[in-house]
Structures are given as C-alpha cells and as structure tokens.
S.K.: 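What follows is a structure written as structure tokens; I'll ask about it next.
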Amino acid sequence: MELIQIAIINVFAKLLKFLFEIGTSFFVTKDVYGEFALILSYILIFTKISSFGIQNIMVRDVPKYKNQNYISYLFFNSSIVIFLVSVVLFLALYQYNFLYIKDYPNIFIIYWFISLTILYSTYLRSIQKVKLWIYFQDIQLYLIYFSLLGVLYFIESSKISIDFILNIYTLSVIITFISVVLFVRFKYHLYLLSKFSFNKIEYITTNSLPVLFTGLTYLIISRIDIIMLDKYVSLELVGEYNIIARVTLQVLFFNQVIVSYYYPRLAKMFSQKKSIDEISKYNRKFVFLSFLSVSTISFLLFIGVNYFSLFDILNIRNRDIFFGVFLVLTITQIVYSAICFYGNILIYIHKQKMEYFNNLLVLILAIILNIILIPNYGVLGASIATSIALLLGNFLQMIQVKYFTGSFFI
C-alpha cells in the first residue's frame with residue numbers, strides 16, 4: 001500500500017517535471033526552446049556539482065544516529081561544503097568567460113538553492129519519509145513555478161522569453177528551499193546552525209567526492225549530447241532531441257518509484273550487517289519490479305509513437321529522424337533498469353572510490369563517441385554514444401560488486 005501511495009505521488013511529481021521541461025516548447029519558438037534546453041542542461045550539471053553527492057552519504061549515515069544534535073551537525077557542515085563548491089564553481093565559470101553565467105547570473109542562485117533543497121529534503125528520505133521527500137524535493141518546486149507562471153503569463157502579452165522563465169524559476173527555488181528548512185526544523189527538530197568542523201567537512205568531502213563523480217558522470221552523459229549537438233545541428237533539432245530524450249527517460253518512472261522505496265531499506269540492511277544472501281533475496285524483488293515496469297511502459301510508449309501520433313502531440317516535426325533515436329534510448333533504459341543498482345551497492349559496501357576509475361573511463365568514452373558519431377550521424381549518433389557510455393558504466397559497477405562481495409545481489 002505504501003509503495004502504491006509513493007507511486008501516485010511520484011506520478012504527479014514526474015508529470016510536473018515533464019511539463020516544466022517539455023511543456024515550455026509550446027510557449028516559445030523552436031529556437032528559443034533549443035536555447036532553453038541548453039541552459040537547463042547546464043543548470044542540472046552545475047546543481048549536480050554543487051550538491052556534491054552529499055545526499056547519498058546522508059542516506060547512508062543518518063540511520064546510524066539517533067541524536068538530532070549530531071545529525072544537525074552533519075547537515076550544517078554539509079551545507080557549508082555545498083556553499084563553498086557553489087561559489088568556487090561560479091567564480092571558475094565567470095573567470096573563464098562562460099557565456100550563460102554572465103548573461104544569466106541568476107543561474108548561480110538556482111543551482112545553489114536547489115542543491116541545498118536536495119540536501120535538507122534528503123533528511124526526510126533518510127528517515128524513510130519518502131512521500132514527504134518527494135513533495136519537498138520535486139512537487140512543491142513545480143507547483144510554485146506553475147502558479148507564478150500562470151499568473152504572469154496572462155499578464156504578459158508577448159511570448160515568454162528565457163529571462164522570464166529563469167526569473168520565475170529562481171523565485172520558485174528560493175521559496176521551496178525556505179519551506180523545506182522550516183519544515184524539518186519545526187517538525188523534526190533539525191537545527192540549521194551547529195558547530196563548524198574541519199574534520200567533518202573533510203569526512204563529508206572525501207566520502208561524497210566519488211559519489212559526485214558517479215552522479216555527475218551520468219548526468220553529463222545524459223546532457224552532453226544536447227550540448228555537443230549545438231555545434232552540428234540547428235537549435236530546432238537540439239530542442240526536438242531534448243524532447244525525445246526526456247520522453248524516453250519517463251519509462252524509468254516506476255523504476256524511480258521503486259528506487260525511492262527500496263534503497264533506504266537496502267541501505268539499512270547493509271548498516272545492520274545482514275548476510276549477502278538475505279540482501280540478495282530482498283534486492284531480487286527490486287530488480288524484477290524495476291525491469292518489468294520499465295519494459296511495460298516502454299512497450300506502451302512505442303504503441304503511442306507508432307499508432308497514436310505521439311510525435312505529433314509533442315510537436316516533433318522531424319518524425320523520421322527521431323524514430324531511430326527513440327528506439328535506441330528506450331532499449332537502453334530497459335537494460336539500465338535491471339542493472340542500475342550496482343552503484344549504490346558500491347556505496348553501501350564503502351567501495352565508492354572505485355567510481356573515480358569508472359566515471360573517468362565512461363566520461364572519456366562518452367565524449368569521444370559523441371565527437372565521432374555526431375558529425376556523421378547527427379542526433380542518431382548522439383543517442384548511440386549516450387547509450388553505449390551509460391551501459392558500460394553500469395557493467396563496470398556490476399563486475400566490481402561481484403569482485404568485492406562474490407555476489408551479483410540477484
């Protein structure tokens with residue numbers, strides 16, 4: 001019953017996120033939407049860097065402690081790390097004349113406050129309040145965004161500009177952050193201020209950095225195709241590729257619901273030092289449900305594209321070009337759904353440093369493949385490059401988990 005409730009809440013959250021990214025294409029020109037897709041790709045990458053992967057460490061560590069003062073101490077020093085990383089990243093981008101950070105300085109506010117929102121909402125996930133976690137990390141932000149957009153859109157007489165969207169996004173992110181910190185402060189007595197500690201910052205940094213590389217690598221892989229396509233195809237094709245990529249990503253919806261439910265419990269089993277056999281039997285349920293759900297949704301999406309003109313509904317003009325892209329990315333997600341858990345297993349067995357090697361190799365491969373395939377095959381080449389790099393990273397994690405534990409956990 002709880003899993004069903006989480007699924008319903010996640011449906012709403014993913015729908016709002018989907019409408020934010022894809023629905024924007026209906027309010028702006030094709031070229032403006034292409035630029036919006038590029039800026040959003042950069043924001044997501046910067047957010048991943050500034051959040052530093054700390055939320056994954058909090059999910060692992062918080063269940064070990066009962067003292068709220070100590071947990072507050074962990075989160076306070078984590079927020080300092082996020083602030084420092086965010087500022088250093090902004091200064092580096094500004095120093096090297098990154099165009100978008102100079103043209104749209106509120107990008108800094110967006111990725112910094114989203115990172116803090118992710119951190120403090122993760123407390124709710126770590127204590128298995130998954131429904132609240134989903135609400136504060138995803139739903140509330142987009143509810144605020146669409147409320148502001150709805151009011152201001154009817155006031156504005158002209159087409160929505162990128163400045164318009166980013167200003168609304170900035171205000172929405174700030175309101176969301178204030179809301180979540182007030183909630184965890186007064187509901188769960190998580191103090192926002194605590195003792196500063198160099199040792200704790202070092203601990204957080206050294207444990208989070210490998211996790212950051214993991215998340216950042218996969219995010220860059222999922223977005224670098226859009227960034228690199230900008231050099232070889234029109235902004236119209238960049239925008240339509242982004243729509244297809246985001247639509248095919250939706251087949252992972254139930255996978256993400258299952259992840260939200262199972263991962264905190266899986267982490268708890270490792271912290272309680274359960275046997276590998278017991279953990280494997282529990283994890284087998286996750287793998288089966290994940291693969292079955294993604295395969296089913298992928299099939300339904302294929303039916304929608306092939307028989308019910310889904311591309312026309314999504315305003316995709318270049319249907320013949322993007323059907324192959326759709327197939328490549330969808331099949332990739334089906335395979336990914338069955339092997340995506342190995343990265344978290346590495347964290348739970350404290351072997352996250354292996355991700356330095358994994359991510360460096362996968363990132364280099366993704367860049368090389370995009371450089372080779374995009375000039376020759378355009379958007380199809382970008383999808384193939386993304387798929388190969390993504391799946392290789394998962395297979396590397398699988399082999400390493402087997403090496404360290406002697407088990408595939410299925």
S.K.: Under a 3.5 Å distance rule, please check whether Ser72 uses its side chain to pair with a backbone N or O of Tyr191 as donor and acceptor.
M.R.: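 Side chain of Ser72 to backbone of Tyr191, a donor-acceptor pair under 3.5 Å: yes, one is there.
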S.K.: Would a line drawn from the ring center of Tyr94 to the ring center of Phe108 be shorter than 6.0 Å?
M.R.: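 No, ring centres 6.0 Å or more apart.
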S.K.: Checking side-chain polar atoms at under 3.5 Å, does Ser115 have a donor or acceptor matched by the opposite partner on Ser51?
M.R.: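 Checked: Ser115/Ser51 side chains show no N/O donor-acceptor pair below 3.5 Å.
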S.K.: Side chain of Thr206, backbone of Tyr203: donor and acceptor closer than 3.5 Å?
M.R.: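 Yes; at least one donor-acceptor contact below 3.5 Å.
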S.K.: Do the side chain of Asn318 and the main chain of Ile321 share a donor and acceptor less than 3.5 angstrom apart?
M.R.: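 Not a single qualifying donor-acceptor pair exists.
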S.K.: Please report the shortest heavy-atom distance between Val294 and Ile334, naming the atom on each side.
M.R.: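 Where Val294 meets Ile334 most closely, the heavy atoms are CG1-CA, 3.7 Å.
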S.K.: Strictly distance-based, threshold 3.5 Å: is any side-chain N or O of Ser179 a donor or acceptor partner for the main-chain N or O of Ile175?
M.R.: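 Side chain of Ser179 to backbone of Ile175, a donor-acceptor pair under 3.5 Å: no, none is there.
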S.K.: Thr170 vs Phe113, test: side chain to side chain contact (heavy atoms under 4.5 Å, CB included). Steps then yes/no.
M.R.: CA-CA 9 Å; Thr170 303; Phe113 275 93; over 6 Å; no
S.K.: Once rounded to the nearest 0.5 Å, what's the spacing between atom CZ of Phe52 and atom CD1 of Ile57?
M.R.: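 These two atoms lie 10.5 Å from each other.
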S.K.: When rounded to the nearest 0.5 angstrom, what is the spacing between CD1 in Ile374 and CD1 in Ile384?
M.R.: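 So the gap between those two atoms works out to 11.0 Å.
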S.K.: Show the nearest heavy-atom pair for residues Ile227 and Leu38, with the distance to one decimal.
M.R.: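 Closest pair (atom of Ile227, atom of Leu38, distance): CA-CD2, 3.8 Å.
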S.K.: Are the side chains of Arg125 and Tyr263 in touch, meaning some heavy atoms are under 4.5 Å apart?
M.R.: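 The answer is yes, as the side chains (C-beta and beyond) meet within the 4.5 Å cut-off.
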S.K.: Quickly, which of Thr176, Leu16, Ile144 forms a side-chain contact (heavy atoms from CB on, under 4.5 Å) with Ile139? Name it, please.
M.R.: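 Output: one option passes, namely Leu16.
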S.K.: Mind checking the CZ-CD1 spacing from Phe75 to Ile80? Nearest 0.5 Å is all I need.
M.R.: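 Phe75 atom CZ to Ile80 atom CD1 measures 14.0 Å (nearest 0.5 Å).
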S.K.: Report, as yes or no, whether the 6.0 Å neighbourhood of atom OH on Tyr377 holds more than 12 heavy atoms from other residues, nucleotides or ligands.
M.R.: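 Result for OH/Tyr377: open.
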S.K.: Report yes if the side chains of Val233 and Tyr241 come closer than 4.5 Å at any heavy-atom pair, otherwise no.
M.R.: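 The answer is no, as the side chains (C-beta and beyond) never meet within the 4.5 Å cut-off.
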S.K.: Just checking Phe20 against Tyr169, ring centres under 6.0 Å apart?
M.R.: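 Yes; Tyr169 has its ring centre under 6.0 Å from that of Phe20.
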S.K.: What's the separation between atom CD in Gln68 and atom CG in Leu74, rounded to the nearest 0.5 Å?
M.R.: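 Going from the CD atom of Gln68 to the CG atom of Leu74 covers 10.5 Å.
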S.K.: May I ask you to decide if the ring planes of Tyr348 and Phe270 are parallel, tilted or perpendicular, using 30° and 60° as cut-offs?
M.R.: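 Geometry flag for Phe270 against Tyr348: tilted rings.
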S.K.: When the ring centroid of Phe76 is compared with that of Tyr73, is the distance short of 6.0 Å?
M.R.: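 No, the ring of Phe76 stays outside the 6.0 Å limit from the ring of Tyr73, centre to centre.
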S.K.: State which residue, out of Phe36, Phe90, Tyr42, fulfils the ring-ring contact (aromatic ring centres under 6.0 Å, His included) condition with Tyr100.
M.R.: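 Among the candidates, only Tyr42 passes.
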S.K.: I need the minimum non-hydrogen distance between Ile204 and Val81, along with the two atoms involved.
M.R.: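 The answer is CG2-CG2, 4.4 Å.
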S.K.: Please confirm whether Phe186 and Tyr188 have ring centers closer than 6.0 angstrom.
M.R.: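 No, they do not, as the ring centres are separated by 6.0 Å or more.
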S.K.: Would you say that Ser295 contacts Phe291 through its side chain, given a criterion of any heavy-atom pair below 4.5 Å between the two side chains?
M.R.: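 A side-chain contact exists here, since the closest heavy-atom pair is under 4.5 Å.
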S.K.: Between Asn358 and Gln397, is any side-chain donor less than 3.5 angstrom from a side-chain acceptor?
M.R.: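 Short answer, no.
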S.K.: With no hydrogens and no angle check, is any side-chain donor or acceptor of Glu240 less than 3.5 Å from a backbone partner on Arg317?
M.R.: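 Pair found, side chain donor or acceptor close to backbone of Arg317.
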S.K.: Can you find a side-chain donor-acceptor pair between Gln333 and Asn255 that sits under 3.5 Å?
M.R.: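 The answer is no; no qualifying pair exists.
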S.K.: Looking at Ser383 and Leu329, would you say the former's side chain and the latter's main chain have a donor-acceptor pair under 3.5 Å?
M.R.: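 No, the answer is negative, given that no donor and acceptor are paired below the 3.5 Å cut-off.
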S.K.: Which pair of non-hydrogen atoms, one from Val362 and one from Gly393, has the smallest distance, and what is that distance?
M.R.: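 Val362 and Gly393 have their closest heavy atoms at CG2-CA, 3.5 Å.
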S.K.: Within this structure, what is the CZ-CD1 distance for the pair Arg265 and Ile279, rounded to the nearest 0.5 Å?
M.R.: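 The CZ atom of Arg265 sits 15.0 Å away from the CD1 atom of Ile279.
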S.K.: Take a 6.0 Å sphere around CD of Gln95 and say whether it holds more than 12 heavy atoms from other residues, nucleotides or ligands.
M.R.: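 Incorrect, the count does not exceed 12.
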S.K.: Determine whether more than 12 heavy atoms belonging to other residues, nucleotides or ligands lie under 6.0 Å from atom OH of Tyr70.
M.R.: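 It does: Tyr70 OH has more than 12 such atoms within range.
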S.K.: Any chance you could measure Ile345, atom CD1, to Phe341, atom CZ, to the nearest 0.5 Å?
M.R.: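 Ile345 atom CD1 to Phe341 atom CZ measures 6.0 Å (nearest 0.5 Å).
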S.K.: Measuring only between side-chain heavy atoms, which start at C-beta, is Met228 closer than 4.5 Å to Ile371?
M.R.: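 Counting from C-beta outward, Met228 and Ile371 do come under 4.5 Å.
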S.K.: Would you say the side-chain atoms of Ser290 pair up with the backbone N or O of Val287, donor to acceptor, closer than 3.5 Å?
M.R.: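 No: the side chain of Ser290 does not pair with the backbone of Val287.
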S.K.: Can you confirm whether Lys200 is buried at NZ, in the sense that more than 12 heavy atoms of other residues, nucleotides or ligands lie under 6.0 Å from that atom?
M.R.: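 Enclosed: over 12 neighbouring heavy atoms sit under 6.0 Å from NZ of Lys200.
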S.K.: Any donor-acceptor pair under 3.5 Å linking the side-chain atoms of Ser197 with those of Asn77?
M.R.: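 The criterion, which ignores hydrogens and geometry beyond distance, is not satisfied for Ser197 and Asn77.
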S.K.: Less than 4.5 Å apart, side chain to side chain, heavy atoms only: is that true for Leu237 and Leu229?
M.R.: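 Heavy-atom side-chain distance check fails, nothing below 4.5 Å.
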S.K.: Counting neighbours of NZ on Lys102 that are heavy atoms of other residues, nucleotides or ligands and sit closer than 6.0 Å, is the number greater than 12?
M.R.: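 Count over threshold, so yes.
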S.K.: Backbone N or O of Ser86 within a donor-acceptor pair of the Tyr111 side chain at under 3.5 Å?
M.R.: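 Present.
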S.K.: Quick one about Asn370 and Asp225 (side-chain donor to acceptor, distance below 3.5 Å, no hydrogens or angles considered), yes or no?
M.R.: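 Side chains of Asp225 and Asn370: no pair found under 3.5 Å.
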S.K.: Do you know the tightest heavy-atom contact between Ser50 and Val85?
M.R.: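 Here Ser50 and Val85 meet closest at CA-CG1, 3.7 Å.
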S.K.: Write down the atom of Leu314, the atom of Ile243, and the distance for their closest heavy-atom approach.
M.R.: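 The answer is O-CD1, 4.0 Å.
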S.K.: Is there a donor-acceptor contact under 3.5 Å linking the side chains of Ser121 and Gln137?
M.R.: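 Yes, a side-chain donor-acceptor pair sits under 3.5 Å.
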S.K.: Are Ile316 and Leu310 close enough that some pair of their side-chain heavy atoms sits under 4.5 Å apart?
M.R.: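 Ile316 vs Leu310: side chains apart.
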S.K.: Side-chain contact test, heavy atoms from C-beta onward, threshold under 4.5 Å: evaluate it for Phe404 versus Met354 and give yes or no.
M.R.: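 Yes, at least one pair of side-chain atoms sits under 4.5 Å.
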S.K.: Heavy atoms, side chains only, cut-off 4.5 Å: are Phe409 and Lys402 in contact?
M.R.: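 The answer is no; the side chains never approach within 4.5 Å.
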S.K.: Side chain to side chain contact (heavy atoms under 4.5 Å, CB included) between Leu119 and Gln55: does it pass, once the steps are laid out?
M.R.: CA-CA 5 Å; Leu119 172 67; Gln55 66 273 16; 5.6 Å; no
